[in-house]
Amino acid sequence: MEAIVGFVGRAPETQRALTAIGLGSNLLVKGRAGIGKSAFLRHVRSQLPEGAKPSIWVPDGSTKHVLEVLCRELHEAVGLAVPKSLLGPRTLARAEREGGLPWKDLARSIRRLSVSESHAVITATLRKRPVLVFVETLEVPPQLADLFAGLVDHAQVVAAMDSKNRRSRIDRLLWRFQETIELKPLALDECERIAGQWLACRPLRFSDERTRARF
């Protein structure tokens, strides 16, 4: 939907989110399933002012997938703090000569790390330079809940959570968010804009205008 009609509405919430981020606060975005929390986070990220700290996106997924994406995004944003023990002599010499390595030369070594080893690399990287981390969802298994707790210790975090989330494993995280925004259903005029833009891009034939208006 967003790819077709763009992002519609949420101007007050967007401004509030950008203000909180600008103040250095951790931000929690809550709302029921399907209300557009991920789209809102992506929109806020796209509106960050020039000169803001580097930002990365942590998607929903398995622990292994999230760790790999997080390492790749950190490497591309600020350079991953990879232990020298992970690199062979020739690779290490090249890294020192060129001032770093592209992700494709690190990916295989990173994928071989255990969860705790990956966590250590991520933490070491976050200690090097301030980063803004967007977390698509806090609906996560225990290992990722531990990882996200570490993220909040070392980075500014903007995260989304289902308002009905009852997972006790993330309770210890919630008090670390200084600002919370709860997304409500869009206003009727905004819903009409979405429907109108959808029809402009994906024309449908209606039996009459009354039916089209009701659509």
Between [X] and [Y], which heavy-atom pair has the shortest distance, and what is it?
X	Y	result
Ile122	Cys71	CG1-SG, 3.9 Å
Asp60	Val66	C-CG2, 4.4 Å
Val131	Ala155	O-CB, 3.5 Å
Thr14	Phe40	OG1-CE1, 3.6 Å
Ala77	Ile56	CB-CG2, 3.9 Å
Ile35	Leu183	CD1-O, 3.2 Å

Could you check whether any side-chain heavy atom of [X] comes within less than 4.5 Å of a side-chain heavy atom of [Y], counting everything from C-beta outward?
X	Y	result
Trp103	Leu80	yes
Arg42	Phe134	no
Ile181	Lys30	no
Val158	Val44	no

Exercise for review: Begin with the C-alpha distance, continue with both residues' side-chain angles, and end with the deciding distance and a verdict on side-chain contact (heavy atoms from CB on, under 4.5 Å) for His154 and Thr125.
Suggested key: CA-CA 9 Å; His154 302 289; Thr125 303; over 6 Å; no
Exercise for review: Mind running side-chain contact (heavy atoms from CB on, under 4.5 Å) on Val58 and Val69 for me, showing each step along the way?
Suggested key: CA-CA 7 Å; Val58 182; Val69 171; over 6 Å; no
Would you list the atom pairs, donor with acceptor, under 3.5 Å between side chains in residues 47-55 and any protein atom, with sequence neighbours excluded?
{"residue": "Lys53", "atom": "NZ", "partner": "Gln156", "partner atom": "OE1", "Å": "3.0"}
{"residue": "Ser55", "atom": "OG", "partner": "Arg45", "partner atom": "NE", "Å": "2.9"}

Check for a donor-acceptor pair, side chain of [X] on one end and backbone N or O of [Y] on the other, with a separation under 3.5 Å.
X	Y	answer
Thr123	Ala120	no
Lys37	Gly31	yes
Glu117	Ser114	yes
Asn26	Val157	yes
Ser25	Leu27	no
Thr19	Gln15	yes

Check your understanding: Which pairs, with at least one residue in residues 65-82 and sequence neighbours excluded, count as a side-chain hydrogen bond (donor to acceptor under 3.5 Å, both in side chains)?
Key -> Glu68-Arg111
Practice item. Under the side-chain contact (heavy atoms from CB on, under 4.5 Å) rule, what do Leu113 and Leu67 come out as? Steps first, then yes or no, please. Key: CA-CA 10 Å; Leu113 297 179; Leu67 286 170; over 6 Å; no
Review point. Is there a donor-acceptor contact under 3.5 Å linking the side chains of Glu136 and Ser38?
Key: yes
Check your understanding: Is the shortest side-chain N to carboxylate O distance from Glu179 to Arg16 below 4.0 Å?
Key -> yes
Practice item. Kindly indicate, with the supporting measurements, whether the criterion side-chain contact (heavy atoms from CB on, under 4.5 Å) is fulfilled by Leu28 and Leu138. Key: CA-CA 10 Å; Leu28 181 64; Leu138 290 179; 3.8 Å; yes
Practice item. Flag yes if more than 12 heavy atoms outside Lys128 fall under 6.0 Å of its NZ atom; otherwise flag no. Key: yes
**Study point:** Inter-residue atom distance Asp153.CG - Leu126.CG, 0.5 Å rounding
**Key:** 10.5 Å
